[in-house]
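Heavy atoms only: backbone and side chains are in, while hydrogens, waters and symmetry mates are out.
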Amino acid sequence: MARILSVDYGKKRCGLAVTDPLQIIPGGLATVPTSELLAFIKDYTTREQVERIVVGEPKQPNGLPSENLARVKAFVGQLKKMLPHIPVEYYDERFTSVLAHRAMLDGGLRKKARQDKALVDEISATIILQDYMNAKKNRI
């Protein structure tokens with residue numbers, strides 16, 4: 001099997017998470033400046049076998065698209081051109097930042113660590129991937 005990669009896309013930086021090769025456990029991979037994201041993913045996919053890429057779909061709490069959706073769609077378009085052999089899926093990312101902060105609190109991280117936006121983005125990508133995997137498992 002190959003890994004599943006998830007992206008929490010942001011205007012300045014993006015959190016990335018990935019599963020193990022057996023697709024059992026997701027974990028944080030990195031936080032990358034948005035300007036370097038495509039190059040990072042291209043490099044990563046040449047070193048690791050990636051079956052699918054899941055991109056957080058930004059929505060407002062009421063389900064309407066958020067202002068970041070246009071940037072995410074443009075990124076996904078570039079990603080599909082660059083890696084046409086890897087399917088790309090959207091997955092609802094509502095509340096992932098809130099859940100990431102809660103996980104950091106529950107994990108006992110100090111205030112300074114909780115203010116690290118890069119860490120929040122990476123944890124958010126991990127939550128997106130875990131939720132995606134749970135939804136996929138429930139469909140089977």
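Counting all heavy atoms, side chain and backbone alike, Pro65 lies closest to Gln60 at O-NE2, 3.2 Å. Between Pro58 and Gly56, the closest heavy-atom pair is CD-O, 3.3 Å. Residues Ile25 and Asp20 come closest through the heavy atom pair N-OD1, 2.5 Å. In terms of heavy-atom proximity, Tyr9 sits nearest to Thr34 at OH-CG2, 3.2 Å. Smallest separation of non-hydrogen atoms from Glu122 and Leu29: OE2-N, 3.6 Å. The two residues Lys136 and Ile4 make their nearest non-hydrogen contact at NZ-CD1, 4.0 Å.
Under a hydrophobic clustering in which Ile, Leu, Val, Met, Phe, Trp and Tyr are joined whenever their side-chain heavy atoms come within less than 4.5 Å, directly or via other members, Val88 and Leu69 fall into different clusters. Hydrophobic clustering places Val32 together with Val50 (ILVMFWY residues linked when any side-chain heavy atoms are closer than 4.5 Å, directly or through intermediates). No continuous path of ILVMFWY side-chain contacts below 4.5 Å connects Tyr44 to Ile128, so the two sit in separate hydrophobic clusters. Connection of Val18 to Val55 is established within a shared hydrophobic cluster, with ILVMFWY side chains joined at heavy-atom distances below 4.5 Å, either directly or through further cluster members. Transitive grouping of hydrophobic side chains (ILVMFWY, heavy atoms separated by less than 4.5 Å) keeps Tyr90 and Ile127 in distinct clusters.
Checked by atom type and distance alone, the side chain of Thr126 never pairs as donor or acceptor with a backbone atom of Ala17 at under 3.5 Å. Side-chain N or O atoms of Ser6 include one that pairs as donor or acceptor with a backbone N or O of Ala125 at under 3.5 Å. Not a single donor-acceptor pair under 3.5 Å links the side chain of Asp92 to the backbone N or O of Lys59. Remark: side-chain polar atoms of Gln23 are paired, donor with acceptor, to backbone N or O of Ala2 under 3.5 angstrom.
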Give every donor-acceptor pair under 3.5 Å between a side-chain atom in residues 75-86 and any protein atom, sequence neighbours left out.
none

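Interatomic distance, Gln130 CD to Ile123 CD1, rounded to the nearest 0.5 Å: 13.5 Å. Here the straight-line distance linking atom CE of Met1 with atom CD1 of Ile24 works out to 8.5 Å at 0.5 Å rounding. Here CG of Leu16 is found 9.5 Å from CD1 of Ile53. Values are rounded to the nearest 0.5 Å. For the atom pair Ile41 CD1 and Thr46 OG1, the distance stands at 12.0 Å (nearest 0.5 Å). Atom CG of Asp43 and atom OG1 of Thr45 lie 8.0 Å apart (nearest 0.5 Å).
Heavy atoms from other residues, nucleotides or ligands lying under 6.0 Å from CD of Glu51 number more than 12.
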